[in-house]
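Numbering of residues begins at 1 and proceeds along the displayed sequence. Owing to the predicted nature of the structure, the values given are computational and were not obtained by experimental measurement.
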Amino acid sequence: MVSLISFWLFFAFSLLQPQQRQFLASKPWQDWLLDSAGLVVQGAIIPLLQLLLIINFYSLIIPQWQHSFNLFFGGQFLLGFVAIDYVYYWAHRALHGKLLFTIHQVHHTVSQMDMVSCARNTLWSSLFLPYVWLNSFIIYFLQDARGYILAISCTYLLDLWRHSSLNINKDFLLHHCLNSWLILPQDHNLHHQQAVGGNFSANLKIWDKLHGTYLKDTSPEVVNQSNSLQPVPIKLNLTLWQQLVWPFAKNGQES
């Protein structure tokens, strides 16, 4: 519910921006279908499964752990915004390895940075992200999970933002305050450049900087100019159905 409310609020705000309106108006129907299906899965079906199935499963196998741990509000927020972000960093980086990239490749068919494209994925690929399993477990474990829920809500909003072209002007003070530590749209745009790999974090730049995968917008390897905020999409020889359900078709990626 929180994710859906966050999406519609951000979507309404994005419509105030001419470039976002242009991107959304020009999006092909196939892309709308891919993105909308992903939004339904990530924003509604997965949270519902977490509540109805996963948490009930935990209550059957570890009933003594339910609401057994008390953590102060700030600690919950740090757990959700910082520690889980580090787990996500490694999961996302693994999805860019040779073994798992086929599962993730549909996300990199995005040709324009608009917020709806944040959920473009093969429908079941979200199961490879730590949020599905860790969020439900931690919420089950905590006595009061409001700080943790706030953290994952902020992460979701940042995911919408970094997939948009709603960048902060580099001359603004706010950009200087955020740019040193937070993943911004231009950082994630570099991640979507076909020729490079990096900027795997969701929230914080520290993990990429720590492990040598941080890409600056002045990097010489970048194909496009960073201020264009446009990715270099992967071209796939896959049908729409294959992209949604089975991205393993032989020679799926064009050279």
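- A search for side-chain contact (heavy atoms from CB on, under 4.5 Å) contacts involving Ala37 returns Leu123, Leu244, not counting sequence neighbours.
- Legend: residues meeting ring-ring contact (aromatic ring centres under 6.0 Å, His included) with Phe57, ordered by chain and number and at least two apart, are absent.
- When the side-chain contact (heavy atoms from CB on, under 4.5 Å) test is applied to Cys177, the partners found at least two apart in sequence or on another chain are Leu173.
- Pairs engaging residues 81-107 under the salt bridge (charged side-chain N to carboxylate O under 4.0 Å, His left out) rule: none recorded [sequence neighbours left out].
- Partners of Trp246 under the ring-ring contact (aromatic ring centres under 6.0 Å, His included) rule, at least two apart in sequence or in another chain, are Phe248.
- Considering Ile103, Val106, Leu236, Asn121 as possible partners of Pro247, the one that fulfils the side-chain contact (heavy atoms from CB on, under 4.5 Å) test is Val106.
- Under the side-chain contact (heavy atoms from CB on, under 4.5 Å) criterion, Ser126 pairs with Gln42, Ile46, not counting sequence neighbours.
- Leu78 CG: more than 12 foreign heavy atoms inside a 6.0 Å radius.
- Judged as a ring-ring contact (aromatic ring centres under 6.0 Å, His included), and not counting sequence neighbours, the contacts of His96 are His92, Phe101, His104, His108, His191, Phe200.
- Looking at residues two or more places apart in sequence or on another chain, you find a side-chain contact (heavy atoms from CB on, under 4.5 Å) between Asn56 and Ser59.
- Taking CD1 of Ile183 as the reference point, atom OH of Tyr89 lies at 10.0 Å (rounded to 0.5 Å).
- Residues satisfying the side chain to side chain donor-acceptor pair (under 3.5 Å) criterion with Tyr86, sequence neighbours excluded, are Trp90, His211.
- Note on residues 129-143: no pairs pass salt bridge (charged side-chain N to carboxylate O under 4.0 Å, His left out), not counting sequence neighbours.
- Residue pairs satisfying the salt bridge (charged side-chain N to carboxylate O under 4.0 Å, His left out) criterion with at least one member in residues 134-157, sequence neighbours excluded, are listed as follows: Asp144-Arg146.
- Between His192 and His163, the ring-plane angle classifies as perpendicular under the 30° and 60° cut-offs.
- Around CG of Leu52, the count of heavy atoms belonging to other residues, nucleotides or ligands within 6.0 Å exceeds 12.
- Residues in residues 116-127 take part in these salt bridge (charged side-chain N to carboxylate O under 4.0 Å, His left out) pairs, two or more places apart or across chains: Asp31-Arg120, Asp35-Arg120.
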